[in-house]
Amino acid sequence: MNIKRICCIGAGYVGGPTMTVIAQKCPHIKLTVVDINESRIAAWNSKDLNKLPIFEPGLDKIVEEVRGRNLFFSTDIDEAINEADMIFISVNTPTKNYGKGKGMASDLKYIELCARQIAKVSRQNKIVVEKSTLPVRTASAIKSILDNTGNGVHFQILSNPEFLAEGTAIQDLLKPDRVLIGGDASTKEGEVAIQALIDVYLNWVPKEQILTTNVWSSELSKLTANAFLAQRVSSINAMSEICEKTGADIREVSKAIGMDSRIGSKFLNASVGFGGSCFQKDILNLVYIAKSYGLNEVADYWEQVVIMNEHQKKRFSDNIVSTLYNTVSGKKITFLGWAFKKNTNDTRESAAIRVADDLLNERAEISVYDPKVTEERIYEDLNYLGTRSSIENKRLLTINKDPYRACKNSHAIAILTEWDEFKNYDWKNIYKNMEKPAFVFDGRGLLNKEELEIIGFIYYNIGTGN
Ligand code: NAD
Ligand code: UGA
């Protein structure tokens with residue numbers, strides 16, 4: 001089967017970049033990315049490429065090349081569904097904040113709405129691809145909705161989880177470690193659907209890197225991959241606390257263990273805690289699934305990864321308070337970075353939010369500089385917590401477009417995101433304009449301890465005893 005038209009529902013961090021890369025590599029396919037969020041679609045269609053809703057290195061160039069050629073962004077969801085041979089569902093699957101499974105299970109209401117809309121609108125057979133991260137066995141719920149509410153047309157359901165990381169999304173999409181496709185190879189129609197999706201990827205991904213499994217393995221592999229990655233971060237962060245007590249240095253420990261080829265050197269950077277929209281939500285989802293099968297030990301094992309991460313964020317803010325003579329009330333503390341990692345404007349679950357909230361509770365005055373995150377986003381993140389009024393948040397936290405001004409007259413600087421530009425600042429100048437003693441709390445192990453100490457800073461790093 002030759003795919004000619006693809007529709008992707010959800011123009012977010014996954015749908016947008018993924019379809020952009022498919023469009024570049026498959027000029028013979030027309031792709032339409034649709035979303036209910038009109039302003040997001042308008043931003044994707046913006047003439048000014050700086051106004052795309054997502055910042056990802058390299059994304060703007062490819063959008064410029066393919067948008068209007070074979071890639072389109074639209075709010076006309078029905079039309080895009082109807083004309084497509086293949087539909088990717090790439091909507092958000094956040095943690096449920098109500099009812100059964102509140103705070104743990106995935107909220108599948110957006111997925112179900114998509115399935116119902118696909119069923120209602122479709123007049124010819126279609127392949128439906130789960131791109132969103134979903135609890136294992138969601139495909140059977142989607143199939144049931146499609147088969148029972150549709151117009152008698154046939155649907156094949158595939159699972160094709162996305163493994164891109166933000167900040168490196170384009171490179172990850174252009175050269176994926178693997179593409180995973182889960183489908184029902186036991187039927188002729190299932191086999192045809194799997195092959196159709198393989199053929200799309202074969203336009204640029206070597207066939208050895210395209211892996212096919214049954215649907216449940218594919219769904220569960222995605223949750224497993226994120227759980228393992230997050231577990232590594234929590235494991236190294238747990239060790240960082242032992243380092244601080246014992247005089248060992250976490251960077252040396254990471255290097256030493258990472259040289260063991262069985263362990264590997266990636267993803268061993270101790271930090272203020274992992275953020276991002278997925279690690280926590282996917283592990284909590286896994287915990288919920290385990291509990292729902294009565295696998296309590298399995299659930300407890302994975303939940304500890306999230307507990308450790310919460311602890312890491314809390315102890316970072318606690319250390320700032322205790323080091324600043326047990327009070328930060330009325331003191332200016334500058335945050336360099338708000339995004340959950342460098343090279344993205346995404347702030348979902350960023351450690352900065354939690355650390356800011358803790359310090360504001362201690363009546364600190366916070367000044368934030370981030371090269372890519374907007375002012376509105378930062379206030380929305382804080383207001384969402386509901387800890388204090390939005391007026392109060394605005395009074396206590398200010399946002400500065402100039403890092404030097406953000407740091408001026410502050411008692412301490414906290415590095416929350418590992419943006420490269422922070423390394424090249426004129427730290428002597430920053431020091432000169434700060435209150436003394438001037439502290440740096442480096443939540444990312446980004447700066448050079450010796451250099452800062454020579455300037456006069458008192459420098460704290462995660463995982464290094466002082
Ligand atoms: P996102 O919130 O950035 O985008 C989702 C989009 O879907 C939103 O713009 C929303 O308006 C839209 N949407 C929701 N319901 C809709 C509907 N019924 N019709 C049309 N549009 C609808 O989310 P994301 O970060 O792109 O994540 C999407 C999925 O991919 C999630 O399941 C996530 O776990 C998974 N994932 C994310 C990443 C990542 O790096 N962000 C990586 C791999 C997998
Ligand atoms: C992660 C996975 O890496 C992707 O494979 C996956 O597709 C994606 O989640 C998803 O499903 O959403 P992402 O969250 O974008 O990608 O970014 P990561 O590079 O994984 O970083 C996550 C968090 O862990 C960041 O806050 C980062 O700073 C932190 N981290 C990462 C560390 O603290 N130390 C490390 O060594 C690595």
Side-chain angles (χ1 to χ4, degrees), residues 7-19 33-41 43-44 53-54 56 73-78 80-81 88-95 106-118 130-135 138 160-169 172-173 176-177 222-223 225-230 232-237 240 250 254 258 265-283 285 309 312-313 337 339-344 346-352 416-418 443-446 462:
C7 162
C8 173
I9 308 180
Y13 282 86
V14 169
T18 308
M19 296 303 128
V33 186
V34 292
D35 205 294
I36 38 174
N37 182 335
E38 289 178 12
S39 62
R40 209 164 204 186
I41 290 296
W44 277 112
I54 287 167
E56 271 296 334
F73 293 93
S74 164
T75 49
D76 192 342
I77 302 178
D78 287 356
I81 290 176
F88 285 81
I89 301 181
S90 191
V91 300
N92 36 329
T93 49
T95 304
S106 275
D107 190 344
L108 297 178
K109 72 173 173 230
Y110 306 105
I111 295 287
E112 176 161 346
L113 282 172
C114 288
R116 288 187 184 274
Q117 195 159 5
I118 294 169
E130 297 174 347
K131 190 50 124 173
S132 298
T133 303
L134 296 169
T138 303
N160 173 221
E162 184 48 61
F163 295 99
L164 68 80
E166 289 178 29
T168 53
D172 295 342
L173 288 163
D177 284 351
K222 172 64 196 176
L223 294 182
N226 274 1
F228 270 58
L229 289 167
R232 264 174 94 87
V233 178
S234 276
S235 297
I236 206 70
N237 282 344
S240 75
I250 196 65
S254 293
S265 61
K266 291 183 184 161
F267 246 72
L268 289 176
N269 294 323
S271 69
V272 56
F274 61 74
S277 61
C278 293
F279 278 178
Q280 176 171 306
K281 117 176 137 54
D282 291 348
I283 291 184
N285 182 11
N309 196 49
Q312 190 75 352
K313 290 185 264 184
F340 80 96
K341 63 184 282 197
K342 73 173 177 179
N343 293 337
T344 179
D346 195 349
T347 65
R348 289 176 289 181
E349 303 295 338
S350 177
L416 274 308
T417 314
E418 72 282 22
R444 296 293 185 165
L446 186 75
I462 302 260

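These figures come from a predicted structure and were not determined experimentally. Numbering of ligands and ligand atoms starts at 1, following listing order. Keep in mind that the numbers below use all heavy atoms, side chains included, and drop hydrogens, waters and symmetry copies.
- Considering backbone and side-chain N/O atoms, Lys281 comes within less than 3.5 Å of an N/O atom of ligand 1.
- When hydrogens are left out, the protein atom nearest atom 25 (O) of ligand 1 is Arg348 NH2, 2.9 Å; that is the closest non-hydrogen contact.
- Nearest to atom 39 (C) of ligand 1 among the protein's heavy atoms is Glu166 OE2, 3.4 Å.
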Does ligand 2 have any N/O atom under 3.5 Å from a protein N/O, and what are those pairs and their distances?
unit_1	atom_1	unit_2	atom_2	d
ligand 2	5 (O)	Phe163	O	2.7
ligand 2	7 (O)	Glu162	O	3.4
ligand 2	7 (O)	Phe163	O	3.2
ligand 2	7 (O)	Leu164	O	2.7
ligand 2	7 (O)	Lys222	NZ	2.9
ligand 2	11 (O)	Lys222	NZ	2.8
ligand 2	11 (O)	Asn226	ND2	2.8
ligand 2	15 (O)	Glu166	N	2.7
ligand 2	17 (O)	Lys341	NZ	3.2
ligand 2	19 (O)	Lys341	NZ	2.7
ligand 2	26 (O)	Gly275	N	2.9
ligand 2	26 (O)	Phe340	O	2.8
ligand 2	28 (O)	Arg444	NH1	2.7
ligand 2	33 (O)	Ser271	OG	2.6
ligand 2	34 (N)	Asn269	O	2.8
ligand 2	36 (O)	Leu268	N	3.3
ligand 2	36 (O)	Asn269	N	2.8

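- Closest protein heavy atom to atom 13 (N) of ligand 1: Val91 CG1, 3.6 Å.
- In terms of protein heavy-atom proximity, atom 6 (C) of ligand 1 is closest to Asp35 OD2, 3.5 Å.
- Taking the salt bridge (charged side-chain N to carboxylate O under 4.0 Å, His left out) definition, one finds that Lys341 meets it with nothing, sequence neighbours left out.
- Val14 CG2, 3.2 Å is the protein heavy atom nearest to atom 38 (C) of ligand 1.
- The option with the heavy atom closest to atom 43 (C) of ligand 1, from among Glu112, Glu130, Glu162, is Glu162.
- In this structure, the side chain of Arg348 does not engage the main chain of Gly276 through any donor-acceptor pair within 3.5 Å.
- An N or O contact shorter than 3.5 Å is missing between Asn37 and ligand 1 by distance.
- Proximity to Lys222 (heavy-atom distance under 4.0 Å) selects the following atoms of ligand 1: 43 (C).
- Side chain of Asn226 to backbone of Asp282: no donor-acceptor contact under 3.5 angstrom is found.
- Partners of Phe267 under the ring pair (Phe, Tyr, Trp, His ring centres under 6.0 Å) rule, at least two apart in sequence or in another chain, do not exist in this structure.
- Set against the non-hydrogen atoms of Thr93, the atoms of ligand 1 under 4.0 Å away are 31 (C), 32 (O), 34 (O).
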Audit row: Lys131, Glu162, salt bridge (charged side-chain N to carboxylate O under 4.0 Å, His left out) steps and yes/no: CA-CA 6 Å; Lys131 190 50 124 173; Glu162 184 48 61; 2.9 Å; yes

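- Nearest to atom 21 (N) of ligand 1 among the protein's heavy atoms is Ile36 N, 3.4 Å.
- For Tyr13, a nitrogen or oxygen atom sits less than 3.5 Å from a nitrogen or oxygen atom of ligand 1, counting backbone and side chain alike.
- Ligand 1 has no nitrogen or oxygen under 3.5 angstrom from a nitrogen or oxygen of Asp346.
- Distance from atom 35 (C) of ligand 1 to its nearest protein heavy atom, with residue and atom name: Thr133 OG1, 3.4 Å.
- For atom 4 (O) of ligand 1, the closest non-hydrogen atom on the protein side is Gly12 CA, 3.2 Å.
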Would you list the atom pairs, donor with acceptor, under 3.5 Å between side chains in residues 106-113 and any protein atom, with sequence neighbours excluded?
unit_1	atom_1	unit_2	atom_2	d
Ser106	OG	Asn285	ND2	3.1
Asp107	OD1	Tyr98	OH	3.0
Asp107	OD1	Lys109	N	3.1
Asp107	OD2	Tyr98	OH	3.1
Glu112	OE2	Arg116	NE	2.9
Glu112	OE2	Arg116	NH2	2.8

